[in-house]
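As structure tokens, the structure follows; a few thoughts come after it.
Fair warning: this is a prediction, and the values are worked out from it, not measured in the lab.
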Amino acid sequence: MWALWALLRGRGNPLRRATDRHEGWVALGALLLLVVGAPAAGWAGGTVADAALQRSVRAQHEERHPVDAVVVGPAGRERFAGDPEGRVERAARTRVVASWEAPDGSPRTGEVATESRPGPPGSPVRIWTDAAGRPVPPPMDGRTARTHAVLGGVGTFLLAAACVEAGRRLAVGHMARRRHARLDREWAEAGPDWGRAGTGG
């Protein structure tokens with residue numbers, strides 16, 4: 001922001017260096033990218049993510065089907081021993097042993113996860129299966145997909161803003177190194193004659 005302020009306020013300053021003007025233009029370009037480019041990138045990223053997630057939601061709803069099963073008994077606890085991810089899943093869903101009928105009419109029995117609290121053995125429970133009758137997680141809903149898309153858009157915006165700031169810092173650093181190198185060369189040329197009589201110093 002200092003470089004941008006110098007660009008706007010220092011036009012008539014005779015002490016202004018060319019690099020100050022260049023740094024100001026770099027700062028102005030970075031500001032425009034942050035105000036316009038980064039939000040546009042975030043919107044585009046969120047839109048692309050939302051379209052992909054909505055396609056996934058439709059595909060999951062086509063491939064997975066709700067089935068009415070019957071509770072046989074509680075699931076064994078040894079499945080989650082030493083398995084932190086399993087404990088997280090058990091906290092989010094209740095696992096039971098249930099029996100259900102596959103699309104081809106064959107009976108199936110196995111351990112399944114259900115979001116609702118199951119009743120005693122013999123009570124009905126709703127589960128999700130694929131076309132072959134195997135138990136699968138429930139499909140993602142549109143609202144969850146939209147939330148993930150928004151988070152993806154925000155992440156894209158932050159990444160774009162970080163790239164803009166990194167590019168600005170690299171450009172300013174490169175100009176500063178070139179300015180210092182030029183000053184070193186000028187000082188090396190003028191240094192030996194500094195303070196000598198008759199040199200015009």
Can you see which heavy atom on [X] is nearest to which on [Y], and at what distance?
X	Y	result
His61	Met140	NE2-O, 3.4 Å
Ile127	Ala69	CD1-CB, 3.9 Å
Ala145	Gln54	CB-NE2, 3.8 Å
Gly73	Pro121	CA-CG, 4.4 Å
Pro103	Ala132	CD-C, 4.2 Å
Thr109	Ser99	OG1-CB, 3.6 Å

>> Just so I know, are the side chains of Pro137 and Arg64 near enough to count as touching, which here means a heavy-atom distance under 4.5 Å?
In response: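 Sidechains of Arg64 and Pro137: in contact.
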
> Between Pro124 and Asp68, is any pair of side-chain heavy atoms under 4.5 Å apart?
Replying inline: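 No, too far: nothing below the 4.5 Å cut-off.
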
> Would Val96 and Val112 satisfy side-chain contact (heavy atoms from CB on, under 4.5 Å), going step by step from the backbone distance to the final call?
Replying inline: CA-CA 6 Å; Val96 296; Val112 297; 4.0 Å; yes

> Is there a donor-acceptor pair closer than 3.5 Å between any side-chain N or O of Trp100 and the backbone N or O of Gly133?
Replying inline: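 Answer holds: yes.
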
> Is a side-chain N or O of Thr147 found less than 3.5 angstrom from the main chain of Arg143, in a donor-acceptor match?
Replying inline: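 Indeed, once roles are kept as given, a pair shorter than 3.5 Å links the two residues.
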
> Passes side-chain contact (heavy atoms from CB on, under 4.5 Å), Met175 versus Val26? Steps please.
Replying inline: CA-CA 10 Å; Met175 288 187 291; Val26 169; 3.8 Å; yes

>> Would a single hydrophobic cluster contain both Leu31 and Val36, if residues Ile, Leu, Val, Met, Phe, Trp and Tyr are joined by side-chain heavy-atom contacts under 4.5 Å?
In response: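 Yes, same cluster.
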
>> Within the supplied structure, the quantity of interest is the number of heavy atoms (other residues, nucleotides, ligands) at a distance under 6.0 Å from His174 NE2; does it exceed 12?
In response: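 Count not over threshold, so no.
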
>> Tell me whether Glu165 is salt-bridged to Arg169, with the criterion being a basic N under 4.0 Å from an acidic carboxylate O.
In response: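 Yes.
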
> Which residues, ordered by chain and number, are linked to Leu33 in its hydrophobic cluster, where ILVMFWY side chains connect at heavy-atom gaps below 4.5 Å, directly or through other members?
Replying inline: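 Leu34, Val164, all in the cluster of Leu33.
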
